[in-house]
Amino acid sequence: MFTDLLIIGAGHAGCEAALAAARLGVNVVVATFALDAVAQMSCNPAVGGLAKGQLVREIDALGGAMGLAIDATGIQFKMLNSSKGASVRSPRAQADKWAYQHWMKAYLEKTPRVHLLQEEIVEIVAAGGNIVGAKTALGREISCRAVVVCAGTFISGKTHVGARIDAGGRLGERAAALLDESLHRLGLPLRRLKTGTCPRLDAKTVDFSQMRREDGDAPPQPFSYLTEKLDLEQVPCWSTWTTEISHQIVEKVLPATPLFSGQITGVGPRYCPSFELKVARFPDKKSHHLFVEPESRAGGELYINGMSTSVAPETQIALINSVPGLRDARITRFGYAVEYTAVEPRALRDTLESKDLGGLFLAGQVNGTSGYEEAAAQGLVAGVNAACKILGREPLRLRRDEAYIGVLIDDIVTRGTAEPYRLFTSRAEHRLSLRHDNADLRLTAKARAFGLIDADRADRVAALQNEIAELQNALRRHGNERATAEQMLKNPQGQWADVAALAPVFGKFGERAINEATLTARYAGYLTRQNAQWEKIQRHAETRIPADFSYAPLTGLRTEAKEKLTHIRPETLAQAMHIEGVSPADIAILALHLKTIKN
């Protein structure tokens with residue numbers, strides 16, 4: 001069998017990789033254990049969130065499918081941080097997880113040049129420093145010109161529920177042990193990581209009257225720039241809290257749990273810890289917030305967001321029943337942890353191609369990241385660049401000042417991942433300009449240049465950019481005796497109605513142009529200061545850090561940054577910049593304190 005590109009895995013990374021490569025004109029085979037599990041939401045049934053919502057908008061602007069999929073199958077939509085500045089607002093949507101994966105599978109099936117294959121890949125074959133094919137568990141050989149590995153948590157995956165350990169990338173599913181051996185033979189640096197998920201509950205056994213109802217936004221805002229409006233009946237979520245009894249239940253068994261007994265050795269995600277880790281790390285905290293979220297519009301099963309765990313089944317039952325509203329709740333699926341093999345991403349170029357093997361690309365959790373959105377973003381970039389490699393074209397590279405995707409990839413390939421990586425707005429030094437609402441304005445021209453979107457879509461965005469430019473010129477030309485219209489908008493209390501009354505020309509502009517021009521005006525001063533600050537930090541990158549420097553007293557420095565800096569003890573600001581978990585905001589605070597010491 002021959003194909004241009006072979007993609008291993010059909011999760012969120014594999015789907016976007018396949019679609020992107022096919023749009024560029026290459027033939028793609030997507031090989032996966034189970035075609036019924038394409039784009040499965042193994043953990044939280046949701047898309048978006050802080051910084052993640054920006055990723056989905058960028059994926060959409062680059063022609064990806066995740067935004068369209070959640071618009072078609074979402075059951076609740078919210079804008080997070082809506083009371084804060086536009087740069088930290090992020091869209092999030094609860095998904096009907098079954099509808100989502102069915103939609104994505106059908107989308108792949110309808111896409112020309114994409115062929116889905118239910119078959120396990122057990123070996124990747126290289127010759128002369130380049131990928132030439134792969135072998136399957138059925139003994140078949142697939143010749144290809146490039147491979148994208150999107151195997152998620154399945155490479156030598158092990159699931160843990162209490163003392164029980166099973167091979168599998170998800171509970172009840174197989175693991176890809178032979179692929180682990182193949183990657184090792186190819187010389188890729190490997191490591192073990194850990195993640196986990198929460199119990200699911202039978203909805204009819206839950207007492208919602210003991211919880212707080214959480215509704216979506218009205219009207220709901222779509223993710224995709226191609227979706228004009230959402231017309232749906234939104235489904236409520238609910239929130240509750242753990243109790244002191246919940247903590248006591250876990251404390252009694254803590255030494256015997258997989259995380260503390262030594263049974264699990266892989267490093268877990270700092271920002272999504274298991275409930276037993278929360279209890280151990282925060283002994284003085286009496287309760288933790290939980291969100292009870294439906295996994296589908298039918299609402300038969302509920303996901304308990306905030307209670308990832310791998311404790312024994314009996315403990316999980318007692319833990320769930322200790323929570324208000326869940327006294328009589330029955331578990332349908334127990335929470336579990338999964339350990340898996342990941343590749344050290346510093347072995348990759350910024351195109352997500354291996355530095356040592358031509359045509360070998362990797363994307364998603366196999367690169368040490370977490371989250372559907374981070375995986376999908378990498379998948380799109382890896383798919384585009386694998387296709388470009390095959391076609392002899394220049395690769396797609398996204399800078400840190402262009403996209404959150406650029407921040408994500410630059411972080412992992414330069415800093416590596418000591419633990420599963422999660423994207424935050426604080427990781428982006430240019431976050432004031434990398435907003436969720438302007439991803440199309442930032443990325444459409446590049447998407448069109450690579451052939452990822454059609455001319456009609458590019459023309460619509462170009463027309464919008466012209467409209468914005470025309471409005472900005474009008475804002476500078478018109479005003480009153482005290483200020484120009486642009487200066488009026490810079491005032492946080494400035495109202496568009498006051499500007500519109502200045503001249504008839506303002507009545508011709510649409511909502512998108514008005515919002516963009518308003519935000520550009522209001523952020524102008526902040527952007528100037530942000531850019532100047534970062535340029536100053538770059539100029540002083542070789543500033544030395546005293547060997548006995550104490551990070552603990554630094555106000556504003558995040559706990560993770562203090563821990564990493566104290567442990568690694570960088571000698572210069574430049575070295576501190578490349579520590580995984582130390583954000584640009586942390587570097588700015590550190591630089592300020594070092595300047596104070598020097599003076």
Side-chain angles (χ1 to χ4, degrees), residues 48 53-54 56-63 67-68 70-72 74 77-79 81-91 93 217-232 402-403 432-448 452-480 483-524 526-527:
Q54 281 88 331
V56 182
R57 285 282 172 87
E58 291 176 356
I59 291 166
D60 183 75
L62 290 167
L68 288 169
I70 190 61
D71 285 349
F77 291 76
K78 272 192 173 182
M79 184 63 66
N81 282 343
S82 58
S83 63
K84 298 183 179 180
S87 65
V88 294
R89 295 174 194 162
S90 300
D217 292 342
Q221 295 186 38
F223 271 88
S224 176
Y225 292 100
L226 297 177
T227 305
E228 292 187 8
K229 64 177 293 188
L230 293 171
D231 184 13
L232 76 157
E402 285 184 302
L432 293 179
S433 52
L434 302 181
R435 305 190 312 273
H436 76 89
D437 56 78
N438 67 2
D440 58 340
L441 299 174
R442 292 185 276 115
L443 298 173
T444 294
K446 182 161 284 191
R448 180 57 186 156
L452 293 170
I453 61 171
D454 59 30
D456 181 63
R457 183 171 182 178
D459 289 345
R460 290 201 304 272
V461 175
L464 173 60
Q465 290 172 320
N466 289 335
E467 183 184 3
I468 293 167
E470 183 182 354
L471 173 54
Q472 289 173 327
N473 287 331
L475 290 170
R476 298 184 189 106
R477 290 196 313 269
H478 296 277
N480 55 36
T484 65
E486 184 178 52
Q487 290 170 332
M488 292 169 64
L489 283 181
K490 285 184 179 180
N491 186 331
Q493 279 72 48
Q495 299 294 319
W496 175 254
D498 297 327
V499 169
L502 294 173
V505 68
F506 291 118
K508 64 182 283 189
F509 298 104
E511 184 179 356
R512 277 289 314 270
I514 292 169
N515 288 341
E516 181 65 25
T518 300
L519 289 171
T520 299
R522 289 182 178 170
Y523 274 32
Y526 297 105
L527 285 167

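In what follows, residues are counted from 1 in the order of the sequence shown. Side chains are part of it too, since the values below use all heavy atoms of this structure and drop only hydrogens, waters and symmetry mates.
- Considering only residues two or more places apart in sequence or on other chains, Y523 meets the ring-ring contact (aromatic ring centres under 6.0 Å, His included) condition with none of them.
- Considering only residues two or more places apart in sequence or on other chains, R477 meets the salt bridge (Lys or Arg N to Asp or Glu O under 4.0 Å) condition with none of them.
- Among pairs with a residue in residues 218-231, none fulfils salt bridge (charged side-chain N to carboxylate O under 4.0 Å, His left out), at least two apart in sequence or across chains.
- Partners of N473 by side-chain hydrogen bond (donor to acceptor under 3.5 Å, both in side chains), not counting sequence neighbours, listed by chain and number: R476.
- Partners of R442 according to the salt bridge (Lys or Arg N to Asp or Glu O under 4.0 Å) rule, which considers only residues two or more places apart in sequence or in another chain, are E58.
- Considering only residues two or more places apart in sequence or on other chains, R457 meets the side-chain hydrogen bond (donor to acceptor under 3.5 Å, both in side chains) condition with D60.
- Partners of K78 under the salt bridge (Lys or Arg N to Asp or Glu O under 4.0 Å) rule, at least two apart in sequence or in another chain, are E214.
- Remark: A483 engages N480, Q487, M488 in a side-chain contact (heavy atoms from CB on, under 4.5 Å) (not counting sequence neighbours).
- Contacts of Q495 classified as side-chain hydrogen bond (donor to acceptor under 3.5 Å, both in side chains), with partners at least two apart in sequence or in another chain: none.
- Counting only heavy atoms from C-beta outward, the side chains of L475 and F506 approach each other to under 4.5 Å.
- Remark: K446 pairs with E402 by the side-chain hydrogen bond (donor to acceptor under 3.5 Å, both in side chains) rule, at least two apart or across chains.
- Annotation: side-chain contact (heavy atoms from CB on, under 4.5 Å) contacts of P220 (sequence neighbours excluded): F77, L230, L232, Q234.
- Every salt bridge (Lys or Arg N to Asp or Glu O under 4.0 Å) that D440 has, sequence neighbours left out, goes to R512.
- Within the 4.5 Å cutoff, no side-chain heavy atoms of R435 are placed close to those of L441.
- Shown here for A458 and T444, the closest heavy-atom pair between the two residues is CA-CG2, 3.8 Å.
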